[in-house]
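Just so it is clear, the values below take in all heavy atoms, side chains as well, and ignore hydrogens, waters and symmetry mates. In each ligand, atom 1 is the first atom listed, and ligand 1 is the first ligand listed. Just so it is clear, the model here is predicted, and its values are computed rather than measured.
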Amino acid sequence: MENKHEPIELKIAPGGIAVLWMSHPPVNTLNQELRDALFSNLQSLEKDKNVQAIILTAKNNMFSAGADIKEFQSGFKGASLEDIQNALEQSKKITIAAIHKAALGGGLEIALACHYRVADPIATFTLPEVTLGIIPGAGGTQRLPRLIGIQKALEMIVSGRPLSAKKGKEYGLIDELFKDRLIENAIEFATKLLKKAKSAIRKTCDMNVKLKNQSVQSLEKGIQNEVNKIARKVGFIAPKSCVESVLNTIDLSFKDGIAHERDLFFKAVLSAESQALQHVFFSQRKACKPIDINYGNTASFHHVGIVGGGLMGGGIAMTVINAGIPVTLIETSEEKLEKSFANIKKNYEISVKNGRFTSKEVVERLSMINGSVDFGDLRYCDLVIEAVYEDIELKKAIFQKLNTVCAPNTILASNTSGLDINELAKEVDRKEKVLGLHFFSPANVTKLLEVVKTDKTSDHVINTVLAFAKAIKKNAVVVGVCPGFVGNRMIFKYVDRAYELALKGIKPHLVDEVIQGFGFPMGPFAMMDLTGLDLGWKNTLEADDLRDVMCMHDRLGQKNGKGFYDYKDHRKGVPSDEANQLIQEFARIKQIEPCQFDDSQVQTQLLLALINEGFKILEEGIVKRPSDIDVIYVYGYGWPAYKGGPMYYAQKLGLHKVLEQLSELKDKHGDFWTPAPLLEHLVETKMRLKDWVMDHSRN
Ligand code: 3HC
């Protein structure tokens with residue numbers, strides 16, 4: 001007979017110390033089953049005269065990932081987090097949370113309601129609700145400021161960033177850190193508290209919020225930058241609601257503060273931003289699921305080789321060693337290796353300055369990378385990533401070499417941003433072990449990784465590489481081979497339309513401003529300048545498009561201080577008279593008539609250029625699901641996450657409306673705007689994108 005899994009396990013230690021283990025794999029989300037079980041156990045323990053103290057802890061790989069986000073849609077039933085918190089906080093027994101690995105969201109909030117908190121020193125504490133477009137809704141905005149002060153609570157809640165155990169102890173969030181034997185030490189901690197003459201019960205809700213000579217205005221001003229950074233230019237309400245709720249601790253009683261927090265929470269949960277962010281959360285996890293369920297994401301990597309130590313190769317090397325995996329970096333000469341190592345060191349120095357790493361950590365990381373000019377040094381690698389410049393013949397020659405020097409089970413990957421990887425696979429015997437790993441610059445920062453499956457790549461290899469992506473903390477999406485894969489193929493269309501708009505008289509900085517107004521961190525022209533206009537440019541005598549025009553006039557982008565913008569002060573571009581004149585002149589040669597477009601027309605054209613190509617990509621089966629495209633755009637191209645990604649946006653806009661707008665554009669401005677057949681089909685059959693995937697995808 002199958003054993004029923006119990007969400008709570010209870011043991012009573014000598015001295016009447018009850019230990020409650022939450023057990024809801026994989027990450028102890030506080031769903032109804034767990035909440036009900038926890039609440040009923042707390043009620044029984046409260047009545048049990050032999051119990052003197054209650055330690056709340058958890059099994060599985062962390063304390064708790066917080067509320068179950070799926071219940072935001074289905075509604076919360078059964079015991080609430082508030083019921084549990086009241087049971088813990090108002091208990092006549094001493095309550096202690098013993099936290100390992102991580103406490104997030106509602107998980108941390110129930111710990112805040114305990115009288116004490118102890119943790120292991122590698123644990124982290126996060127209120128990440130803002131990243132889901134909501135605010136902490138189980139007392140987090142009211143209890144955290146009472147424990148660590150308003151300013152620090154604002155920083156944590158508005159940014160959604162984790163706090164380390166060390167800082168947690170320093171700030172007063174954590175009472176004790178125990179390196180080993182967390183539960184045994186927590187029991188000892190409880191025993192000592194019980195021996196205190198005076199009652200050791202300490203309720204967070206009764207604590208006063210200390211204002212250290214800070215005015216409300218100064219606190220608001222102090223957090224404004226963070227709010228702006230998260231909200232970008234548009235009306236994303238969650239960070240502002242977080243500030244409002246935390247500041248309520250100054251004037252409102254705990255009870256009123258909680259009531260107000262609840263109102264703000266439920267308003268936020270229903271907001272369009274939060275719906276979009278929840279979509280992104282689940283889509284990202286879906287995208288990197290193993291494609292063969294018989295083989296999970298569990299492979300381990302002992303050594304990775306990288307061929308080419310330029311900007312991309314160096315960034316990839318940093319990403320891999322940051323995950324604790326040793327790297328061998330191959331270059332063509334000792335001088336090039338030296339240059340490559342110097343760049344890597346320089347990047348790490350910046351990270352030390354930013355406080356991201358300590359100097360000691362950097363030394364440790366650098367010791368994990370060795371350089372070589374001998375391909376033979378790659379023979380023991382589990383995976384080799386080729387990251388040389390975009391020249392198919394050069395890449396083919398490298399793959400031939402790798403085929404001879406690497407062990408037969410080594411996986412061979414190319415970091416090409418759009419070349420035909422099927423062609424590279426033809427150069428080797430192990431065709432099933434060849435694939436693309438398209439990192440995005442700067443590779444050590446950008447979260448996205450396109451995992452490109454060729455016609456021959458085996459599912460086993462894809463799953464192995466998905467495990468690698470998880471280990472190096474990248475958000476992987478499996479895509480098929482086509483020019484530019486998914487992200488770049490769509491961006492080509494978007495940039496093409498941006499050029500067209502500029503040729504029709506809308507200045508580059510105005511186009512960029514419109515798209516920034518939508519929530520992108522930068523517009524298409526600034527992006528092209530940042531990437532480098534000459535990247536992959538074939539020196540021609542006649543210009544085909546505006547990129548050719550700029551390159552032919554030595555305007556290569558940020559790298560040489562002039563592109564679509566002028567860069568007097570390194571990165572900050574100002575509109576360029578020369579670039580604008582060149583654009584006008586080119587429009588005259590091409591006999592393109594100026595046109596009047598308002599901001600909304602500019603925005604519509606740029607977004608529809610992306611969306612229409614997205615439908616074509618879907619129809620060709622280059623990705624499995626529409627949401628994969630959303631993940632690519634949010635994590636690789638700066639699409640505002642609270643607008644869910646291009647395909648999500650299209651569905652929200654209404655597919656019939658998207659089709660109508662494209663048809664209108666086609667009538668006025670030509671065949672570029674021909675609607676994708678899939679879009680027409682969906683509108684005709686009144687089918688939602690989601691349902692089409694269920695019926696027709698490769699799954
Ligand atoms: N709700 C629902 N499902 C969740 C979840 C949550 N809070 N957290 C994780 N999951 C699911 C994932 O979807 C995934 O499911 P799947 O296997 O079916 O795809 C599974 O748990 C494992 O998650 P990951 O693959 O992400 O596992 P990792 O080990 O890589 O990461 C984690 C673990 C750091 C906890 C990460 O999952 C995470 O960041 N989760 C979200 C945490 C969060 O945002 N918590 C706040 C929730 S809102 C809240 O608490 C409101 C409160 O204030 C009232």
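- Within a 4.0 Å radius of atom 17 (O) of ligand 1, the protein contributes one or more non-hydrogen atoms.
- Neither the backbone nor the side chain of Thr131 has any atom closer than 4.0 Å to an atom of ligand 1 (non-hydrogen atoms only).
- More than 12 non-hydrogen atoms from other residues, nucleotides or ligands lie less than 6.0 angstrom from NZ of Lys203.
- At the top of the distance list for atom 32 (C) of ligand 1, counting protein heavy atoms only, stands Met62 CE, 4.3 Å.
- At least one heavy atom of Lys470 sits less than 4.0 Å from an atom of ligand 1.
- In this structure, the separation between CG on Leu264 and CG on Asn248 is 7.5 Å, given to the nearest 0.5 Å.
- Cation-pi geometry between Arg262 and Phe266 is not met at under 6.0 angstrom from the ring centre and within 45 degrees of the axis.
- Inspection of the Ser245 and His260 side chains reveals no N or O donor paired with an N or O acceptor under 3.5 Å.
- For Glu450 (side chain) and Gly487 (main-chain N/O), a donor-acceptor pair under 3.5 Å exists by modelled atom type.
- Distance remark: protein heavy atom not present below 4.0 angstrom from atom 11 (C) of ligand 1.
- Protein heavy atom closest to atom 15 (O) of ligand 1, with residue, atom name and distance, is Lys289 NZ, 4.7 Å.
- Looking at ligand 1, you won't find any N or O of Gly66 less than 3.5 Å from one of its N or O atoms.
- Atom 6 (C) of ligand 1 has its closest protein heavy atom at Thr29 CG2, 3.3 Å.
- Among Pro128, Pro25, Gly137, Ala103, the residue whose heavy atom sits closest to atom 44 (O) of ligand 1 is Pro128.
- By the 3.5 Å distance cut-off applied to N or O atoms, Leu104 is not counted among the residues near ligand 1.
- Pro26 CG, 3.8 Å is the protein heavy atom nearest to atom 20 (C) of ligand 1.
- Note: an N/O pair closer than 3.5 Å links Ile69 and ligand 1 by distance alone.
- Distance alone, capped at 3.5 Å, places no donor-acceptor pair between the Ser274 side chain and the Ile134 backbone.
- Shortest contact from atom 42 (C) of ligand 1 to any protein heavy atom: Ala65 O, 3.4 Å.
- For atom 41 (C) of ligand 1, the closest heavy atom belonging to the protein is Phe281 CE1, 3.5 Å.
- Within the cation-pi definition used here (under 6.0 Å to the ring centroid, within 45° of the axis), Arg146 does not qualify as a partner of Phe254.
- Across Val269, Asp68, Asn61, heavy-atom proximity to atom 2 (C) of ligand 1 is greatest for Asp68.
- The closest side-chain donor-acceptor pair between Asp36 and Gln32 falls under 3.5 angstrom.
- In terms of modelled atom types and a separation under 3.5 Å, the side chain of Glu109 and the main chain of Gly140 share a donor-acceptor contact.
- Using cut-offs of 30° and 60° on the angle between ring planes, the pair Tyr633 and Trp639 is perpendicular.
- You'll find the ring centres of Tyr649 and Phe518 inside the 6.0 Å limit.
- The proximity of Lys286 to ligand 1, defined as any non-hydrogen pair under 4.0 Å, does not occur for either the backbone or the side chain.
- Neither side chain, Asp630 nor Ser627, offers a donor N or O lying under 3.5 Å from an acceptor on the other.
- With a 4.0 Å cut-off on non-hydrogen atoms, Phe72 touches ligand 1 through its side chain and not its backbone.
- Between Tyr635 and Phe440, the distance from one ring center to the other does not fall under 6.0 angstrom.
- Considering each of Glu109, Glu82, Arg262, the one bringing a non-hydrogen atom nearest atom 54 (C) of ligand 1 is Glu109.
- Ligand 1 lies within reach of Pro136, whose nearest heavy atom is under 4.0 Å from it.
- Looking at Gln275, its side chain does come within 3.5 Å of a backbone N or O of Val269 through a donor-acceptor pair.
- With hydrogens left out, the protein atom closest to atom 21 (O) of ligand 1 is Val27 CG2, 3.7 Å, a heavy atom.
- The shortest N or O to N or O distance between Ala67 and ligand 1 is below 3.5 Å.
- Remark: ligand 1 atoms within the under-4.0 Å shell around heavy atoms of Gly105 are 46 (C), 50 (O).
- Protein heavy atom closest to atom 14 (C) of ligand 1, with residue, atom name and distance, is Arg285 CG, 4.4 Å.
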